[in-house]
There are 2 protein chains.
Amino acid sequence: MTTADKAKKAAPGAADKPAKPMPRPLTRIQREKQDIILDAALDIFSVHGFRGATIDQIAEAAGMSKPNLLYYFPRKEEIHKRLIAEMLDIWLAPLREFSADGDPVPEIRSYIRRKLEMSRDFPRQSRLFANEMLQGAPRTIDMLAGDLKQLVDEKVKILETWMDQGKITRTDPYHLIFSIWATTQHYADFDAQVRAVLGPERGGDGRFEDAARFLENLFLHGLLPKKA
Amino acid sequence: MTTADKAKKAAPGAADKPAKPMPRPLTRIQREKQDIILDAALDIFSVHGFRGATIDQIAEAAGMSKPNLLYYFPRKEEIHKRLIAEMLDIWLAPLREFSADGDPVPEIRSYIRRKLEMSRDFPRQSRLFANEMLQGAPRTIDMLAGDLKQLVDEKVKILETWMDQGKITRTDPYHLIFSIWATTQHYADFDAQVRAVLGPERGGDGRFEDAARFLENLFLHGLLPKKA
DNA sequence: CAGAAATTTGACCAGTTGGAAAAAATGTTA
DNA sequence: TAACATTTTTTCCAACTGGTCAAATTTCTG
């Protein structure tokens, strides 16, 4: 039975021609397989980008045949769209939490920590995002110029208030946010480089703690020693 | 015997069968067309990555037919390899210039400026590099763990000396370098996002000057106001 | 300008790509 | 367990992919 058949059950004579598709609930198998596919696709898309990834590759990573995969996601783009949407949610969460209530120092510090944790715990999503940006954000530009810009503008106001109150140095709040994004995401997106440069000893799991300590210090105090 | 010696006209009867191919100098057309191809390829590779880019695409961007392009670069990989090599040279130049001679403040400041200028003047190269990193640096990992690591280790020593002398705050020099890379390259790699968030008024050419001012301030002083 | 060398074109190829269709197999539920 | 829906496999396709090759054309050199 296809979704299109749903109309036949309706009351006889009741004119529900313009009835909505009314998606039926997913079966257990659908839920499971979709998750497997999305996970495999994230592996591939985050490394090769949209064009560079192939359905065959994803299907193999998901342990199923290509037509079987296409049964769950009829188009390659569908998979990508879903992943992008999921990723944006994850990506934005830390910024949404950024609050005017707390004091600047703990607030900024914990924002940095959360973003760094994202790089540690969701590196594939970070790379998917980076890939999308490198391509000029063809599938997200509307969202960036809409929701994201609005959210950033809002948080910028908080930062400006703190600056007005002399709680933090007066500086460009937009570029401040960019620099937090850049420094934290670097550990996911440029992981290969970070590890290569740090070498085996310092490039292990501890690198995130080192980075957190360093970034906290950088953002709060900078490099110049405070005059006594 | 040096390789150059083999080129000279040997004695008439001298058996030089195992002579190397001895590449003949490039013609004018070869130089011109290769440049056009490399430029077009940089456009495509920097956006779509190696797998996502096609020879047809590059050929069209270069304004020539695919077989014609293949006459100059018999393999897709050749083009990519050349671009990567060129890019690494550009990418490393600012770090090479980083010197122990000057004082920390102007030295660090001008390193940041140079890296930011790279993002402004060579954004495609920066994106090519980013693409390569996102893929796990398959074609550059040796170079990263070799030349780059060595160079970084060397510059780290300079930073440590300055820290020993109390000229700059004691902090993790590796992560300091990472954060300079991250913040400056962000303006090339995430250009789409930067422009979207800044909006039309602030996202114009001036954004690089704003970024330079902000970053200088961040790296030197951080966000906390100095105690009087 | 003739001849040689360099360049460009068109026709072609085998493998890959995203995707369609239908049959076969498996699951679900009354 | 029979009837039905869901899932999987098999087969297939047209467009695209990286690349070859010989013929035609253009450029260079004496």
Side-chain angles (χ1 to χ4, degrees), chain A residues 1-9 21-45 47-84 138-139, chain B residues 21-45 47-84 135 138-139:
Chain A
M1 167 138 163
T2 70
T3 49
D5 290 329
K6 46 90 202 148
K8 77 189 226 177
K9 275 283 287 279
M22 179 50 178
R24 51 184 52 234
L26 298 181
T27 68
R28 171 185 56 88
I29 293 181
Q30 277 165 349
R31 259 176 289 121
E32 288 172 5
K33 292 291 169 85
Q34 286 192 6
D35 284 352
I36 291 173
I37 292 169
L38 289 169
D39 189 72
L42 183 54
D43 275 346
I44 310 294
F45 280 133
V47 169
H48 295 290
F50 182 76
R51 281 234 43 191
T54 73
I55 299 185
D56 280 293
Q57 245 180 136
I58 298 170
E60 181 174 355
M64 64 183 76
S65 68
K66 176 170 61 167
N68 196 185
L69 181 151
L70 286 167
Y71 170 73
Y72 293 102
F73 293 92
R75 324 249 133 220
K76 186 183 175 185
E77 265 212 79
E78 297 296 313
I79 312 176
H80 194 258
K81 229 193 281 185
R82 276 276 297 268
L83 287 175
I84 290 274
R139 294 162 180 91
Chain B
M22 178 51 182
R24 50 184 54 236
L26 298 181
T27 68
R28 171 185 56 89
I29 293 181
Q30 277 165 351
R31 260 176 288 121
E32 288 173 4
K33 292 291 167 85
Q34 285 192 8
D35 284 352
I36 291 173
I37 291 169
L38 288 170
D39 188 73
L42 182 54
D43 275 346
I44 310 294
F45 280 133
V47 169
H48 296 290
F50 182 76
R51 280 233 44 192
T54 73
I55 299 184
D56 281 293
Q57 244 180 135
I58 297 170
E60 180 174 356
M64 65 184 74
S65 69
K66 178 170 58 167
N68 196 183
L69 181 151
L70 287 166
Y71 170 71
Y72 293 101
F73 293 91
R75 324 253 133 214
K76 186 184 175 185
E77 265 211 81
E78 297 296 312
I79 312 177
H80 195 257
K81 228 193 281 183
R82 275 278 296 268
L83 288 175
I84 291 274
Q135 285 162 42
R139 295 163 179 89

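The analysis underlying the following values was restricted to heavy atoms, covering all of them including side chains, and did not include hydrogens, waters or symmetry mates. Below, chains carry the letters A, B, ... as their sequence lines are ordered, and counting in each starts from 1.
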ask   = Any side-chain N or O of Asn68(A) under 4.0 Å from OP1/OP2 of dT9(D)?
value = yes
Non-hydrogen side-chain atoms of Arg51(A) and Arg51(B) separated by less than 4.5 Å = no
key: Presence of Gln30(B) side-chain N/O under 4.0 Å of dA6(C) phosphate oxygens OP1/OP2   = no
task = Specify whether Phe45(A) and Phe50(A) have parallel, tilted or perpendicular ring planes, treating 30° as the upper limit for parallel and 60° as the lower limit for perpendicular.
result = parallel
request  = Report the distance from atom CZ of Arg51(A) to atom P of dC16(D), rounded to the nearest whole Å.
outcome  = 10 Å
ask   = Given dT8(D), is OP1 or OP2 found less than 4.0 Å from the side-chain N or O atoms of Ser65(A)?
value = no
request  = Could you state the atom-to-atom distance from CZ of Phe73(B) to C1' of dG18(D) in whole Å?
outcome  = 16 Å
task = Measure the shortest side-chain to side-chain distance between Arg82(A) and Phe73(A) over non-hydrogen atoms and say whether it is less than 4.5 angstrom.
result = yes
query = Would you say the side chain of Arg75(B) lies within less than 4.5 Å of the side chain of Leu70(B), judging by non-hydrogen atoms?
reply = no
query = Expressed in angstrom and rounded to an integer, what is the separation of Arg75(B) atom CZ from dG19(D) atom P?
reply = 5 Å
task = Looking at every strand, decide which applies to Leu70(B) at a 4.0 Å heavy-atom threshold: base, sugar-phosphate, or nothing.
result = base
key: Phosphate OP1/OP2 of dT7(C): any Tyr71(B) side-chain N/O under 4.0 Å   = yes
query = After noting the C-alpha distance and the side-chain angles of Ile37(B) and Met64(B), does the key distance pass the side-chain contact (heavy atoms from CB on, under 4.5 Å) rule?
reply = CA-CA 9 Å; Ile37(B) 291 169; Met64(B) 65 184 74; 3.8 Å; yes
request  = Return the value, rounded to whole Å, for the distance between atom CD1 of Ile44(B) and atom P of dG18(D).
outcome  = 12 Å
inquiry  = With a cut-off of less than 4.0 Å, is there a side-chain N or O of Arg31(B) near OP1 or OP2 of dA6(C)?
reply    = no
Integer-rounded Å distance: dT17(D) C1' and His48(B) NE2 = 15 Å
Give each protein N/O atom lying under 3.5 Å from an N/O atom of nucleotides 12-14 of chain C, with the pair distance.
none

task = Remember a base hit wins even if backbone is also touched, and classify Ala53(B) as base, sugar-phosphate or nothing at under 4.0 Å, heavy atoms.
result = sugar-phosphate
ask   = Pick the nucleotide of DNA chain D nearest each of Leu69(A) and Thr54(B); which residue has the one closer to the 5' end?
value = Leu69(A)
inquiry  = I want to check something: taking the side chain as every heavy atom from C-beta on, are Arg139(B) and His80(B) in contact at a cut-off of under 4.5 Å?
reply    = yes
query = What is the distance from CD of Glu32(B) to C1' of dT26(D), rounded to the nearest Å?
reply = 14 Å
query = Between dT8(C) and Tyr72(B), is there an OP1 or OP2 to side-chain N/O distance shorter than 4.0 Å?
reply = yes
ask   = Which whole-number value in Å describes the distance from Ile79(A) CD1 to dG18(C) C1'?
value = 11 Å
request  = Check the surroundings of atom CD in Glu60(B): do more than 12 heavy atoms from other residues, nucleotides or ligands lie under 6.0 Å from it?
outcome  = no
query = Any idea which of dA11(C), dT7(D), dG18(D) is nearest the Lys76(B) side chain?
reply = dG18(D)
query = Do side-chain atoms of Lys76(B) reach the backbone of Ala53(B) as a donor and acceptor pair under 3.5 angstrom?
reply = yes
task = From the options dT17(C), dT7(C), dT9(C), select the nucleotide whose nearest atom is closest to the side chain of Asp56(A).
result = dT17(C)
request  = Specify the separation, in whole Å, of atom NE2 of His80(A) and atom C1' of dG18(C).
outcome  = 16 Å
